[in-house]
There are 2 protein chains.
Amino acid sequence: MKISHRSLYLQARDEILKLIKEQFEPMQKIPPEQKLSNQLGVSRNTIREAIKTLEQEGVLFSRQGVGTFVIASKKNLETTITTLESSTNIIKSHGYQPGTKNVKSDVIQASAKVKSKLTLEENDNHVFYIERVRTADGEPVVYVEDYILYKGGMENEYREKYYESLLEFLEKYDMKVSFSICTIKAVISNEKIESKLDLKEKQALLLLKQIHYSNTGIPVLYSESYYLSDKLEFNVVRKRG
Amino acid sequence: MKISHRSLYLQARDEILKLIKEQFEPMQKIPPEQKLSNQLGVSRNTIREAIKTLEQEGVLFSRQGVGTFVIASKKNLETTITTLESSTNIIKSHGYQPGTKNVKSDVIQASAKVKSKLTLEENDNHVFYIERVRTADGEPVVYVEDYILYKGGMENEYREKYYESLLEFLEKYDMKVSFSICTIKAVISNEKIESKLDLKEKQALLLLKQIHYSNTGIPVLYSESYYLSDKLEFNVVRKRG
DNA sequence: ACCAATTTGTGCGTATGTATG
DNA sequence: TCATACATACGCACAAATTGG
């Protein structure tokens with residue numbers, strides 16, 4: 001008996017994605033649904049669900065009566081903003097060695113803004129605050145401020161075990177993040193950020209403000225990330241409504 | 001007889017979306033599939049397809065055995081970066097009156113970069129270039145450079161008819177855009193852009209570099225748009241892979 | 001202009017799995 | 001333990017679009 005069973009159509013998705021990475025270039029046609037159904041030994045409906053998922057992820061697009069085609073290159077696949085990844089993985093997928101600098105963490109009083117983002121109760125004022133600079137091959141690439149829904153003792157656990165990926169850390173506290181709502185802005189660096197990121201002069205930074213939700217729909221983490229966008233790339237497939 | 005028949009599940013999607021906008025707040029539970037099936041008079045499968053579509057659009061999320069919940073607010077819905085909209089519509093949905101300034105257009109020799117983006121043949125060097133500043137309530141908000149796959153005489157058609165939305169213009173030439181691949185960057189303004197956007201000092205701008213594809217998968221338009229991101233907001237729902 | 005083959009799209013019915021209370 | 005409700009999966013039939021003969 002399987003404890004956890006990744007659903008069939010997601011397994012099919014993974015298989016098809018593997019096929020694409022191995023065998024197909026952008027704009028090439030992939031095999032018809034019936035063929036994939038036979039090959040992978042699942043129903044055509046399941047294949048269709050898998051393909052639909054990949055379509056939404058911007059990997060494939062289908063034309064009725066013609067076939068299904070690859071959109072994204074391997075590089076694009078790894079930098080899609082619609083896939084929620086830890087900075088660790090974002091840096092890795094760009095081919096850099098991820099690292100961390102200047103970690104600061106504390107249990108603090110939540111500001112009104114943070115309270116509203118995390119929908120805290122009137123009387124609940126504590127959040128676990130983490131501030132980090134992430135590096136790629138030793139160079140600073142992103143400065144992050146995290147505000148986490150506080151659970152007793154988490155600051156000690158964090159400091160003792162030292163977690164590279166915050167998303168993994170949160171899983172220990174029943175706060176597995178399943179999605180985030182992200183606002184994208186461009187901002188100009190201020191003195192604080194320049195010192196954090198070792199910038200010599202004013203720079204444009206990509207600011208991602210994100211509310212992260214658990215699989216039960218509860219906001220568990222609010223974060224503001226300042227990316228040097230010449231080092232790290234973000235892509236998205238946009239479709240007409 | 002219907003000429004064009006928007007499919008049943010997409011109609012259902014639209015109905016459900018309407019319901020959400022009218023009646024439901026973020027994180028609220030929507031009625032069960034069976035109920036919606038009865039209400040809208042379509043099969044439960046069709047409802048499921050509609051819901052799945054909205055899930056992939058970042059509007060809903062479902063939890064097995066529990067229900068389906070609203071993620072995005074109305075405001076979020078209208079500013080999702082994954083929906084490809086003309087600048088005209090983006091400005092409108094932020095509640096401003098869209099306008100256009102400083103239009104420049106010409107048939108020009110494509111640079112090597114533009115040629116590669118549009119995958120032009122060796123001997124094909126012509127693109128139709130348009131440069132515009134879009135305004136919101138009269139204030140400049142975005143500067144756009146467009147490079148269009150050239151078709152004979154299109155520059156005259158464009159100048160005569162004056163199209164607000166480029167995407168609509170392209171449809172006249174069998175180049176209906178169905179999706180784009182977009183790279184997101186933050187850049188600092190240079191003198192040229194400052195003069196175009198009437199900026200008094202250096203500013204951070206959101207730069208969207210986009211290759212737009214027709215429904216047959218042919219690149220028809222490459223564009224670079226510089227947004228003042230404090231006026232126009234972009235959101236995205238990011239999901240874990 | 002037409003037909004046939006291929007391929008994706010739509011829609012239904014049904015059975016079974018899984019989470020919640 | 002049971003009922004409810006949502007999720008997953010399969011099979012089938014037919015519609016619609018496209019391509020090529």
Side-chain angles (χ1 to χ4, degrees), chain A residues 1-16 24 27-56 59-71 174 176 178-179 214-218 239, chain B residues 1-16 24 27-56 59-71 174 176 178-179 214-218 239:
Chain A
M1 234 272 284
K2 285 168 212 156
I3 304 293
S4 131
H5 172 58
R6 189 161 166 79
S7 66
L8 201 51
Y9 84 91
L10 283 177
Q11 291 178 47
R13 185 208 88 115
D14 296 345
E15 285 302 311
I16 294 171
F24 297 99
M27 300 310 149
Q28 251 193 314
K29 186 172 173 298
I30 67 168
E33 294 173 355
Q34 197 53 254
K35 209 163 193 171
L36 289 172
S37 164
N38 298 334
Q39 250 181 61
L40 303 183
V42 296
S43 77
R44 186 180 153 223
N45 267 341
T46 302
I47 294 293
R48 282 180 58 72
E49 288 229 60
I51 287 178
K52 199 164 247 184
T53 305
L54 287 167
E55 268 192 83
Q56 202 54 47
V59 178
L60 296 174
F61 76 104
S62 295
R63 289 175 58 206
Q64 187 173 132
V66 185
T68 300
F69 301 81
V70 179
I71 295 183
D174 268 333
K176 188 180 163 75
S178 73
F179 64 90
S214 74
N215 50 12
T216 57
I218 295 168
K239 294 203 214 141
Chain B
M1 232 274 286
K2 286 167 211 156
I3 303 293
S4 129
H5 170 60
R6 188 157 168 82
S7 67
L8 200 53
Y9 86 92
L10 282 178
Q11 291 178 48
R13 184 207 90 112
D14 295 345
E15 286 301 312
I16 295 171
F24 295 99
M27 300 310 148
Q28 250 192 314
K29 186 171 174 301
I30 67 168
E33 295 176 353
Q34 197 52 255
K35 208 163 193 170
L36 289 171
S37 164
N38 298 335
Q39 251 182 60
L40 303 182
V42 295
S43 80
R44 195 177 143 239
N45 259 336
T46 303
I47 295 290
R48 281 180 57 68
E49 286 229 59
I51 287 179
K52 188 155 264 180
T53 304
L54 287 168
E55 262 191 271
Q56 287 162 345
V59 178
L60 296 174
F61 76 105
S62 294
R63 288 174 58 205
Q64 190 168 31
V66 186
T68 301
F69 301 82
V70 179
I71 296 184
D174 267 334
K176 187 179 164 74
S178 73
F179 64 90
S214 74
N215 50 12
T216 57
I218 296 169
K239 290 195 222 151

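Every chain is numbered from 1 and lettered A, B, ... according to where its sequence line falls, protein lines coming before strand lines.
- One interatomic measurement links the two molecules: CG of A/N38 to C1' of D/dC10, which rounds to 14 Å at whole-angstrom precision.
- Looking at heavy atoms from C-beta onward, A/L54 lies out of side-chain contact with A/T68 at the 4.5 angstrom threshold.
- Listed by chain and number, the residues in a salt bridge (charged side-chain N to carboxylate O under 4.0 Å, His left out) with A/K35 amount to none (sequence neighbours excluded).
- Contact annotation: the side chain of A/F179 approaches that of B/K239 to within less than 4.5 Å [non-hydrogen atoms, C-beta and beyond].
- For A/K35 and C/dT8, the NZ to P distance is 11 Å, given to the nearest whole Å.
- With contacts defined as side-chain heavy-atom distances shorter than 4.5 Å, the pair A/V66/B/T216 does not qualify.
- Between A/L54 atom CG and C/dT8 atom P the separation is 14 Å, expressed in whole Å.
- Taking atom CZ on A/R44 and atom P on D/dA13, their separation rounds to 13 Å, with Å as the unit.
- The nearest whole Å value for the distance from the NZ atom in A/K52 to the P atom in D/dA7 is 15 Å.
- Summary for the helix from C/dC2-D/dG21 to C/dG21-D/dC2: the axes at its two ends, each from 5 pairs, differ by 10° when rounded to the nearest 10 degrees.
- Proximity of A/T46 to the phosphate of D/dT8: no side-chain N or O atom is located under 4.0 Å from OP1 or OP2.
- Atoms CD1 (A/I47) and C1' (D/dC10) sit 13 Å apart, rounded to a whole Å.
- Residue order along DNA chain D, read from the 5' end via each residue's closest nucleotide, puts B/I51 first among A/V42 and B/I51.
- Atom CD of A/Q34 is separated from atom P of C/dG9 by 14 Å (rounded to the nearest Å).
- Scanning for side chain to side chain donor-acceptor pair (under 3.5 Å) contacts around A/T53 gives an empty result, with sequence neighbours left out.
- Of the side-chain N and O atoms in A/S7, none sit less than 4.0 angstrom from OP1 or OP2 of D/dA7.
- An OP1 or OP2 oxygen of D/dA7 is reached within less than 4.0 angstrom by a side-chain nitrogen or oxygen of B/R48.
- Whole-Å rounding puts the A/Q11 CD to C/dG17 C1' distance at 15 Å.
- In this structure, B/I71 and B/V59 have side chains that are not in contact, with every pair of non-hydrogen atoms separated by 4.5 Å or more.
- Interatomic distance, A/Y9 OH to A/I51 CD1, rounded to the nearest 0.5 Å: 14.0 Å.
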Which atoms of nucleotides 1-7 of chain C (N or O only) lie under 3.5 Å from a protein N or O atom, and what are those distances?
{"from": "C/dT7", "atom 1": "O2", "to": "A/G65", "atom 2": "N", "distance (Å)": "3.4"}

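- When the salt bridge (charged side-chain N to carboxylate O under 4.0 Å, His left out) test is applied to A/D174, no partner is found at least two apart in sequence or on another chain.
- Applying the salt bridge (charged side-chain N to carboxylate O under 4.0 Å, His left out) test to pairs two or more places apart or on separate chains, those with a residue in residues 36-45 of chain A are A/E33-A/R44.
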